[in-house]
Amino acid sequence: MIAENKQPAAAQALLPVLDHVSHSSISCFQQCPLKWKFRYVDKLEEDFKGVALVFGSSVHAAVERHFQSILETGGPPTLEQLLEAFDECWQSFDAASIRYGKNDDAESMRELAARMLETFQGSEFAKPTGTIVAVEESMRGEFVQGMPDVLARVDLAVQDGDELVLTDFKTSRSRWNANQAQSNAEQLLLYADLAGRVLDGNRIKLQFAVVTKTKTPVLEVHEVCYDAARLKRSKAIFGKVWEAIKSGVYYPAPSQMNCYGCGYRKACDSFTG
Amino acid sequence: MAIKAIVSFNQKLGQPNFGSVGVGCSVEVELDSSLLDKDPQELRGKLDLAYITCRQSVQSQLTPFAVTESAPARALTHSEPSSERPSRPATQSQQRALWAICNQNGLNLEAVCRDEYEVPAADCLSISQASSLIDKLKSTTAVAGGAR
């Protein structure tokens with residue numbers, strides 16, 4: 001007997017109408033389908049927020065303030081103004097829900113942020129040549145036929161002559177090497193695919209700016225090669241993940257790495273299928 | 001004390017066979033009532049921003065009904081409901097910057113857009129027009145470096 005290749009009615013009913021998907025939601029499903037369901041279908045609140053997420057978002061907000069200020073005024077903000085942006089973002093999270101590491105607290109994280117932002121301010125990356133055209137810009141578009149639009153947030157786009165430079169800003173526990181940058185390139189390739197259609201520029205340069213969360217922070221820029229074959233592969237993966245999402249089969253994928261920082265442990269423990 | 005302002009934007013787009021599709025967006029915003037006396041310009045700026053946001057959301061929703069070729073990528077909230085819009089419109093960041101510069105210097109952004117490029121609003125500028133306008137405004141107005 002040949003089974004009908006048909007989406008189960010129950011799965012269709014379960015899947016909400018998704019206006020868009022993002023690189024992080026696709027990665028989330030790849031990591032743990034049940035986590036994806038908790039987050040995007042059930043829209044459950046996480047039991048806690050890992051401090052790395054809160055910290056990364058807050059540093060991003062400060063960096064956004066820096067570049068938006070250059071765009072608006074021509075000049076960079078002071079360190080105090082960057083820390084103001086950091087604090088505003090940090091305070092937007094529920095303080096009680098932040099889970100800190102063994103030796104961390106809010107004060108130590110702010111001190112670390114100040115060191116990292118000072119390093120950032122002193123770097124060449126903070127003084128882009130060319131014209132800033134987008135800071136934390138949301139872009140969306142069709143990536144794979146038949147699936148919802150993909151939504152991407154580009155940290156920084158700078159027009160330099162006929163070259164468009166797209167940068168994704170990262171905070172990291174340690175320095176990256178070129179291989180690490182290349183292995184994380186999927187996200188940038190996706191951005192290039194979308195940005196190339198809405199921004200000007202005959203050539204697109206892709207790069208990561210990585211600042212370390214260390215005692216003496218270091219900021220390094222890693223260029224990533226545009227690879228059409230890899231982009232095609234990414235699209236194929238997105239398409240397959242979307243098919244898996246539509247199938248409605250959501251199961252936990254337990255591992256030390258997945259479960260340690262997961263905010264859905266309680267919901268997962270209560271999972272009965 | 002807060003004052004409530006209701007900002008609403010509606011738009012209709014013609015469709016084949018004399019049809020049409022309409023989209024509307026309405027937001028209620030709470031604003032500091034002291035702005036009415038102390039800084040009406042700031043108040044107008046905040047209302048302008050609410051209108052821009054509504055208009056962009058509406059136009060974003062209308063995009064699928066306006067695009068006839070294969071779906072292009074678009075900056076979120078930017079769309080091309082009519083042929084008047086440039087193919088690569090100003091980014092949100094550029095529009096925010098234009099709004100901030102005009103607001104700080106008591107300029108009416110829509111009037112500036114009309115005077116400089118004969119377009120009704122910042123989202124009708126192209127990326128390069130917006131860059132040039134930002135540079136021009138920065139060089140001709142006294143914008144304090146880094147102040148926000």
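Quick note on labels: first sequence line is chain A, next is B, and so on, each numbered from 1.
- No more than 12 heavy-atom neighbours from other residues, nucleotides or ligands sit within 6.0 angstrom of CZ on A/Arg233.
- In terms of heavy-atom proximity, A/Val135 sits nearest to B/Arg96 at O-NH2, 3.4 Å.
- Distance CD/B/Gln92 to CD/A/Gln68: 10.0 Å, rounded to 0.5 Å.
- The OG1 atom of A/Thr131 sits 9.0 Å away from atom CD1 of B/Ile134, with the distance rounded to the nearest 0.5 Å.
- Separating the CD1 atom in A/Ile132 from the OG1 atom in B/Thr91 is a distance of 10.5 Å, to the nearest 0.5 Å.
- The number of heavy-atom neighbours closer than 6.0 Å to CD of A/Glu45, taken from other residues, nucleotides and ligands shown, is 12 or below.
- Counting non-hydrogen atoms of neighbouring residues, nucleotides and ligands closer than 6.0 angstrom, the NZ atom of A/Lys127 exceeds 12 such neighbours.
- Under the 4.5 Å side-chain criterion, counting only non-hydrogen atoms from C-beta, A/Leu71 is in contact with B/Ser93.
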